[in-house]
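Only one structure is covered here, and it is reproduced in the block below.
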Amino acid sequence: MPSSPANSVIVLDFETTGLSPNMGDRAIEIGAVKLIDGEVVETFQQLMNPGCRVSSFIESYTGITNNMLRTAPSCEEVMAQFAEFMGNAHLVAHNASFDKRFLDAELERLNIRYAGQFACSMLIARRLIQDAPTHKLGDLVRYKRIDNDGVFHRALADAEMTAKLWLVMLEELEQKGVSNPSFGFMQTVSKTSKGAVGGLLARARV
DNA sequence: TGCCAGGCCCTCTTTAGGGCCTT
């Protein structure tokens, strides 16, 4: 797996057949944007065939139909391509624990490991944007008046909105005096993230 | 048969419970 520059961040989003890979759910689409120094330099989007039919709820929720997936490449093929795209960059997602579970599950099938750390835009937003009505991605985008094309629940569109939200929050933190916040947020999504993020925001005096 | 996730975080907490957020 290729290495990535230290200032490289990949914001990603999965559409899936359900909520839990442990319950047999699979990814059906991945979208990602690569940020270098806060600029989008590359994007990745691909439908993938999970090898099973998706429910009518998922078809309605995402707009991704069984017919669309019928001719899509397999999850294994797409995830191998994405691993090359991802390299060892740090990763960001909205409610990252969800996307990390699917990323880990799909890469494990390929015996691929990655070295980047995972950060969660939702956890940061809950602390930094406390007056937002909710911390759903769409609501935060509207609340912060971030440009969007009105497409939700598709992987690349959601990844692009998450990236914009991420940059807005970094800018707010810089204005609050955090000298180099982008890598301060690169904490893994794990039981240790509570203290790490809390400590960062304590320094940011939010 | 019926049900099915998991982690964070707040509070009426910590020997727990429930809302939020993701698909």
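Please read these numbers as outputs of a predicted model, since none were measured by experiment. Chain identifiers are assigned alphabetically (A, B, ...) following the order of the sequence lines, protein sequences preceding nucleic acid strands; residue numbering begins at 1 within each chain.
Annotation for A:P73 and A:V78: closest pair CG-CG2, 3.6 Å, computed over non-hydrogen atoms.
Side-chain proximity of A:R126 to the nucleotides B:dT23, B:dG19, B:dG6 is greatest for B:dG19. Closest approach to the A:N95 side chain among B:dT23, B:dA5, B:dC21 is made by B:dC21 (side chain taken as heavy atoms from C-beta onward).
In this structure, the side chains of A:E15 and A:I30 stay at 4.5 Å or more apart for every pair of heavy atoms. With a 4.5 Å cut-off on side-chain heavy atoms, A:L165 and A:I146 count as touching. Counting heavy atoms from C-beta on, the side chains of A:E59 and A:I64 never come closer than 4.5 Å. Using a 4.5 Å heavy-atom threshold, the side chains of A:L103 and A:E108 count as separate. The shortest side-chain heavy-atom distance between A:L128 and A:E172 falls under the 4.5 Å cut-off.
When the salt bridge (Lys or Arg N to Asp or Glu O under 4.0 Å) test is applied to A:E171, no partner is found at least two apart in sequence or on another chain. Every salt bridge (Lys or Arg N to Asp or Glu O under 4.0 Å) that A:R154 has, sequence neighbours left out, goes to A:E29. Partners of A:H135 by ring pair (Phe, Tyr, Trp, His ring centres under 6.0 Å), not counting sequence neighbours: none found. Scored by the salt bridge (Lys or Arg N to Asp or Glu O under 4.0 Å) test, A:R142 finds A:D139 as partners (sequence neighbours excluded). Scored by the side chain to side chain contact (heavy atoms under 4.5 Å, CB included) test, A:S55 finds A:F57, A:I58 as partners (sequence neighbours excluded). By the ring pair (Phe, Tyr, Trp, His ring centres under 6.0 Å) test, A:F152 is found to be paired with no residue, residues two or more places apart in sequence or in another chain being considered. Taking the salt bridge (Lys or Arg N to Asp or Glu O under 4.0 Å) definition, one finds that A:E76 meets it with A:R26, sequence neighbours left out.
Nucleotides B:dT14 and B:dG18 place their C1' atoms 15 Å apart, quoted to the nearest Å. Remark: the separation of the P atoms in B:dC21 and B:dT15 is 28 Å, to the nearest Å. A gap of 25 Å separates the P atoms of B:dG6 and B:dT1, to the nearest Å. B:dA16 and B:dC12: their C1' atoms are spaced 11 Å apart (whole Å). Here, B:dG7 and B:dT23 have their C1' atoms 16 Å apart, quoted to the whole Å. Nucleotides B:dC8 and B:dT13 are separated by 15 Å at their C1' atoms, to the nearest Å.
Residue whose closest nucleotide on DNA chain B sits further toward the 5' end, between A:R101 and A:T62: A:R101.
One interatomic measurement links the two molecules: CZ of A:F102 to P of B:dG7, which rounds to 13 Å at whole-angstrom precision. Between A:R154 atom CZ and B:dT22 atom C1' the separation is 17 Å, expressed in whole Å. What separates CZ of A:F98 from C1' of B:dT22 is a distance of 5 Å, to the nearest Å. For A:K100 and B:dG7, the NZ to P distance is 10 Å, given to the nearest whole Å. Straight-line distance from the CG atom of A:L123 to the P atom of B:dG6: 18 Å, rounded to whole Å. Straight-line distance from the CZ atom of A:F14 to the C1' atom of B:dA5: 16 Å, rounded to whole Å. A:M122 places its CE atom 7 Å from the C1' atom of B:dC8, with the value rounded to the nearest Å. Protein atom NE2 of A:H153 is 11 Å distant from nucleotide atom C1' of B:dC21, rounded to whole Å.
For DNA chain B, the neighbouring residues in residues 133-149 of chain A, judged by any heavy atom under 4.0 Å, are A:T134, A:H135, A:K136, A:L137. Within residues 20-28 of chain A, the residues that have a heavy atom under 4.0 Å from DNA chain B are, in order of number, A:S20, A:N22, A:M23. The stretch residues 43-54 of chain A has no heavy atom under 4.0 angstrom from DNA chain B at all.
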May I have the step-by-step check of side-chain hydrogen bond (donor to acceptor under 3.5 Å, both in side chains) for A:S121 and A:H94, ending in yes or no? CA-CA 5 Å; A:S121 59; A:H94 200 71; 2.7 Å; yes
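Under the ring-ring contact (aromatic ring centres under 6.0 Å, His included) criterion, the residue pairs touching residues 10-54 of chain A are A:F44-A:F82, A:F44-A:F85, with sequence neighbours excluded.
Within the 4.0 angstrom heavy-atom criterion, base atoms lie near A:F57.
In terms of phosphate contacts, A:H94 brings no side-chain nitrogen or oxygen within less than 4.0 Å of OP1 or OP2 of B:dC21.
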Canonical and wobble pairing (Watson-Crick, G-U, under 3.5 Å) of DNA chain B, dot-bracket with |: ....(((((((....))))))).
